[in-house]
Number of protein chains: 2
Amino acid sequence: MRKYYTITELTREFGVSTRTLRFYEDEGLIQPDRRGRTRLFRAADRHLIKEILRGRRLGFTIAEIREIIEIYKGPPGELGQLELMMKRVAQKREQLNQKRQDIEETLAELDSVDEACLARLAELRVGT
Amino acid sequence: MRKYYTITELTREFGVSTRTLRFYEDEGLIQPDRRGRTRLFRAADRHLIKEILRGRRLGFTIAEIREIIEIYKGPPGELGQLELMMKRVAQKREQLNQKRQDIEETLAELDSVDEACLARLAELRVGT
DNA sequence: GGTATAATTGACTTTTACGTAAAAGAAAGA
DNA sequence: TCTTTCTTTTACGTAAAAGTCAATTATACC
């Protein structure tokens, strides 16, 4: 287990710019330590970055990603808060299910395009 | 089968603005007919809009959505083109598989959050 | 101790995907 | 005919998510 990661280590690992990581810090998504003015990222920050980029790939906005991250921060103690949290989880789950369905549909269409291509290729080989 | 849809019919059906549909036309994603200056959308346009919005939900940019739409336009005749097309299909499939994996991971984390919530609820009921 | 190398902040710019407002034509109902 | 209700084009505006550039400041290596 390493203690700290530098910002450029992480930009290389994840293929993002330093500007991006600083932007995520400004947005409050990560809170790296400091030694002087230099940022020191811990494993927790690194993990958060992974989750941010995952959300980004799925087309979530920063605001939506923030929601997801706050959900991860663990269940609160109070009853009302707990119910609110579970409602949010249910909402996110619905969004994700919608996206999953969108993916399945798109993949199915790509499959049929692929088949059509193969069919056309076969025709060409026979010599249309 | 209806012949034409007006722009507002479609905005209501899909919950988007007229500006959005005109924007998609400017971008060359749809090509509605005209009667005078008024746009008349056919079933094919309506179907394309569905696919555009599906891509949008998945976080694809307009450029990426355009790529997908051009793939749908059916296999070309020439060999080189066919191979290029199949390569593109394979690329899109990879992107979608990545997104699917992202979704599964996120859903799994939401599941464990949910469990933690339920556990905490049970504790509260017993009276911690 | 000088000189690359890496990191910082701050400000300005850019791109994407529309929103919004203005001005005007066309169709439809009272 | 008057008034709504749609629709159009043109043009400018904007929010999100960084990119880019400049001016500094440390750090590290030789």
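In what follows, chains carry the letters A, B, and so on, assigned in the order in which the sequence lines appear, proteins first and then strands, with residues in each chain numbered from 1.
- Through direct or indirect side-chain contacts shorter than 4.5 Å among Ile, Leu, Val, Met, Phe, Trp and Tyr, A:Y4 is connected to A:L40.
- Every residue two or more places apart in sequence or in another chain was checked for a side chain to side chain contact (heavy atoms under 4.5 Å, CB included) with B:Q91, and none qualifies.
- A:H47 is linked by a side chain to side chain contact (heavy atoms under 4.5 Å, CB included) to A:E51, counting only residues two or more places apart in sequence or in another chain.
- Note: the hydrophobic cluster containing A:L82 does not contain A:I71 (ILVMFWY, side chain heavy atoms under 4.5 Å, direct or indirect links).
- Contact footprint of chain A on DNA chain D: nucleotides with an atom under 4.0 Å from a non-hydrogen protein atom, first to last in 5' to 3' order, D:dA17 to D:dT25.
- Contacts of A:T38 classified as side chain to side chain contact (heavy atoms under 4.5 Å, CB included), with partners at least two apart in sequence or in another chain: none.
- One finds a side-chain N or O of A:R39 lying less than 4.0 angstrom from the OP1 or OP2 phosphate oxygen of C:dT8.
- A:T18 meets the side-chain hydrogen bond (donor to acceptor under 3.5 Å, both in side chains) test with A:R22; sequence neighbours excluded.
- Contacts with DNA chain D (heavy atom under 4.0 Å) in residues 52-69 of chain A: A:R56, A:T61, A:I62, listed by number.
- Residues passing the side chain to side chain contact (heavy atoms under 4.5 Å, CB included) test with B:R19 are B:S17, B:F23, sequence neighbours excluded.
- Residues that satisfy the side-chain hydrogen bond (donor to acceptor under 3.5 Å, both in side chains) test with B:Q81, not counting sequence neighbours, are absent from this structure.
- Counting only residues at least two apart or in different chains, salt bridge (Lys or Arg N to Asp or Glu O under 4.0 Å) contacts with residues 86-102 of chain A comprise A:E67-A:K92, A:R93-B:D111, A:R93-B:D114, A:R100-B:E104, A:D102-B:R57.
- Counting only residues at least two apart or in different chains, salt bridge (Lys or Arg N to Asp or Glu O under 4.0 Å) contacts with residues 70-85 of chain A are absent.
- For DNA chain D, the residues of residues 21-34 of chain A within the heavy-atom distance limit of 4.0 Å (strictly under) are A:F23, A:Y24, sorted by number.
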